Amino acid sequence: MDKSQSFLHSFLQHFKFGSTTERNNEAELKRMTSQEQKIFSYETLVSATKNFNAIHKLGEGGFGPVYKGKLSDGREVAVKRLSHTSNQGKKEFMNEAKLLARVQHRNVVNLLGYCVHGTEKLLVYEYVPHESLDKLLFKSEKRKQLDWKRRFGIITGVAKGLLYLHEDSHNCIIHRDIKASNILLDEKWTAKIADFGMARLFPEDQTQVNTRVAGTNGYMAPEYMMHGKLSVKADVFSYGVLVLELITGQRNTSFNLEVEGLTLLDWAYKMYKKRKSLEIVDSTLASTVVTEQVGMCIQLALLCTQGDPQLRPTMRRIVVMLSRKSPQSHMEEPTRPGIPGSRYRRPPRYSALSSTVGTSGSHSSDSSNTLTVTATITSKSSATAELDLRGKRPMLD
Ligand SMILES: Nc1ncnc2c1ncn2[C@@H]1O[C@H](COP(=O)(O)OP(=O)(O)OP(=O)(O)O)[C@@H](O)[C@H]1O
């Protein structure tokens, strides 16, 4: 090799591979870019969850199993391994996940990032230590941990989180599956709404309705269940059901008042009308309850679960009502509650489609309670969507 050849060789070598410092810089730059884009490598998640070890499984929802993991920097995460039913392409999934990772609020679970590996799609969330509300509220020995102060904190926290999703995030996000198992509690008992934006990650192929049916037993607003009319008021209805569950300590789906066979909503309304609302309060709350506050929350829940969506308050109004010093002043009289949607009460036209509709997810903690989870995002100007193209079930009207 002559002098000029040797010069060219070393120049190319340098250009091609760079110096060690440059390589380090490049690696650092790559790391920073992926952090910025919130991308996790598959290897990172395999190592964090000890190869998705069953011991680390937190539960399984309709979108797939969730594992607890620990990143090398010590952060604890919850990794949701999405089932393969999503027909969304890699690029679209990444765009949607990137967008959802920008949704940040104290009362919404933080989506730290995502990962695409072959056909696998994974979401990485902050780990929320007390896990989901259903695991506490509906277990008699654990329910005592939820005194009234904590329950009221959850009621206001969820309201603030929903207000943010509906009005203050970059898009209007209608959750569509507010329920106890989608409310997580952190170490300070702060409520965090989970599973928002799932419809963005699971867009429905209109010809194939074989994944999941949107909404959950007993929480779905009647107009949404029966006619597919989706608006923020569908979330308000589910929120009202959740508030009644928090007050009574009873799960709406398994509620069965022996003598009268009423639903939780009907029972609460009936007692309210008889001016006996305080009789529905969970007996474990007896020593901690603030009577005025609980009375206001019952009335609020009944306003939220009214049959006519127009009559239900907005989340903004709810947050205002909850923050009042003298709670029950200026609150309307609730009208009769709507009948919450249930998969066992399919309207006739819906039943006709049922041969193509199935649930693909298995549900660990409470199969009876869960039909599916989805959420949708619409532009702020079209917060009410009659035909929900991102929906999980055929829209009927
Ligand atoms: N970020 C998290 N931190 C701690 N636990 C979590 C987290 N996300 C989920 N979990 C736990 O994993 C379980 C499964 O969660 P997932 O949201 O997939 O299902 P689900 O809400 O039970 O059912 P569905 O998907 O039908 O709504 C939950 O019950 C919850 O306890």
Side-chain angles (χ1 to χ4, degrees), residues 40 45 48-49 52 54-71 75-83 85-86 97 100-101 103-114 121-139 142 154 158 161 175-199 201-202 211-220 235 238 241-242 245 251-253 341 343 358-376 392-393:
F40 282 83
L45 301 183
T49 59
F52 302 105
I55 299 170
H56 299 294
K57 194 165 157 181
L58 292 166
E60 180 155 359
F63 289 108
V66 182
Y67 298 87
K68 184 176 176 183
K70 195 168 192 175
L71 300 175
R75 270 183 300 165
E76 290 190 311
V77 289
V79 182
K80 188 173 274 206
R81 206 174 183 182
L82 299 181
S83 55
T85 45
S86 168
L100 292 176
V103 171
Q104 286 199 336
H105 186 269
R106 181 171 188 267
N107 299 110
V108 176
V109 175
N110 198 3
L111 176 64
L112 300 175
Y114 54 91
K121 290 168 187 160
L122 303 106
L123 295 172
V124 184
Y125 294 95
E126 62 173 318
Y127 174 73
V128 187
H130 283 120
E131 300 178 8
S132 51
L133 175 62
D134 61 324
K135 291 181 179 172
L136 286 166
L137 187 61
F138 305 129
K139 304 264 157 50
K142 289 193 174 172
I154 296 167
V158 176
H175 189 289
R176 296 207 292 186
D177 202 24
I178 289 297
K179 58 175 177 175
S181 73
N182 278 337
I183 306 302
L184 306 180
L185 301 169
D186 75 3
E187 64 287 349
K188 290 183 181 149
W189 303 92
T190 305
K192 288 173 182 279
I193 300 172
D195 263 354
F196 59 92
M198 293 310 279
L201 305 167
F202 275 73
T211 48
R212 320 173 83 215
V213 181
T216 295
N217 247 353
Y219 288 90
M220 280 176 80
D235 279 351
S238 312
V241 177
L242 179 78
E245 288 184 325
R251 202 193 273 280
N252 76 83
T253 44
R343 69 172 132 168
T359 48
S360 63
S362 59
H363 309 286
S364 58
S365 53
D366 170 30
S367 58
S368 68
N369 196 29
T370 309
L371 195 46
T372 188
V373 178
T374 52
T376 196
K392 297 278 125 191
R393 67 182 186 80

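These figures come from a predicted structure and were not determined experimentally. Numbering of ligands and ligand atoms starts at 1, following listing order.
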> So, taking the atom named CZ in Phe52 and the one named CG in Leu45, what distance separates them when rounded to the nearest 0.5 Å?
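Atom-to-atom, Phe52:CZ and Leu45:CG are 5.5 Å apart.
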> Closer than 4.0 angstrom: is that true for some heavy atom of Lys192 and an atom of ligand 1?
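Contact absent.
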> Taking all atoms of both residues into account, what is the closest heavy-atom pair of Phe196 and Leu100, and its distance?
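Closest heavy-atom pair between Phe196 and Leu100: CE1-O, 3.9 Å.
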> Give the atom numbers and elements of ligand 1 that come within less than 4.0 Å of a heavy atom of Asp177.
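Checking each atom against Asp177, I get 27 (O).
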> According to the interplanar angle, ranging from 0 to 90°, do the rings of His130 and Trp189 count as parallel (below 30°), tilted (30 to 60°) or perpendicular (above 60°)?
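Rings of His130 and Trp189: parallel, as their planes differ by under 30°.
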> How close do Ile178 and Tyr219 get, counting heavy atoms only, and between which atoms?
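Ile178 and Tyr219 have their closest heavy atoms at O-CD2, 3.3 Å.
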> So which bit of Ser132 gets within less than 4.0 Å of ligand 1, heavy atoms only: side chain, backbone, both or neither?
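Within the 4.0 Å criterion, Ser132 contacts ligand 1 through backbone and side-chain atoms alike.
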> Ser181 to ligand 1: N or O pair under 3.5 Å?
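Min N/O separation from ligand 1 is below 3.5 Å for Ser181.
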> With a cut-off of 4.0 Å, which atoms of ligand 1 are near a heavy atom of Asp195?
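Every atom of ligand 1 under 4.0 Å from some heavy atom of Asp195: 17 (O), 25 (O), 27 (O).
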> Do ligand 1 and Glu60 have nitrogen or oxygen atoms that lie under 3.5 Å from each other?
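Among all N and O atoms of Glu60, none is under 3.5 Å from an N or O of ligand 1.
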> Is there a side-chain contact between Asp177 and Asp195 in this structure, where contact means two heavy atoms from C-beta onward sitting under 4.5 Å apart?
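When only atoms from C-beta onward are counted, Asp195 and Asp177 do not touch, as no gap falls below 4.5 Å.
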> Looking at every heavy atom in both Ala191 and Ile183, which two are closest together, and how far apart are they?
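Nearest pair, atom of Ala191 first, then Ile183: CB-CG2, 3.9 Å.
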> Just jot down the ligand 1 atoms closer than 4.0 angstrom to any heavy atom of Asn182, in number order.
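Here the atoms of ligand 1 in question are 17 (O), 21 (O), 27 (O).
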> Decide yes or no for Phe40 and Leu71: does some side-chain heavy atom of the first lie under 4.5 Å from some side-chain heavy atom of the second?
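A side-chain contact exists here, since the closest heavy-atom pair is under 4.5 Å.
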> Given side chains that start at C-beta, do those of Leu133 and Leu242 come closer than 4.5 Å, heavy atoms only?
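Contact flag for Leu133/Leu242 side chains = yes.
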> At less than 4.0 angstrom from any non-hydrogen atom of Tyr127, what atoms of ligand 1 do you find?
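Here the atoms of ligand 1 in question are 3 (N), 4 (C).
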> Could you see which bit of Leu184 sits under 4.0 Å from ligand 1, with heavy atoms only: side chain, backbone, both or neither?
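It is the side chain that touches ligand 1; the backbone stays farther off.
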> Flag Tyr125 as yes when one of its N or O atoms lies below 3.5 Å from any N or O atom of ligand 1, and as no otherwise.
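Such a contact does not occur with ligand 1.
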> For the residue pair Glu245 and Leu137, what are the closest heavy atoms and their distance?
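In this case the closest contact between Glu245 and Leu137 is O-CD2, 3.7 Å.
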> Please confirm whether Lys179 approaches ligand 1 to less than 4.0 Å, judged on its heavy atoms.
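A heavy atom of Lys179 does come that close to ligand 1.
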> Would you mind telling me if ligand 1 is within reach of the side chain of Val128, the backbone, both or neither, using heavy atoms under 4.0 Å?
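Near ligand 1, Val128 shows its backbone as well as its side chain.
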> For ligand 1, is there an N or O atom under 3.5 Å from any N or O atom of Lys135?
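Yes, at least one N or O pair falls under 3.5 Å.
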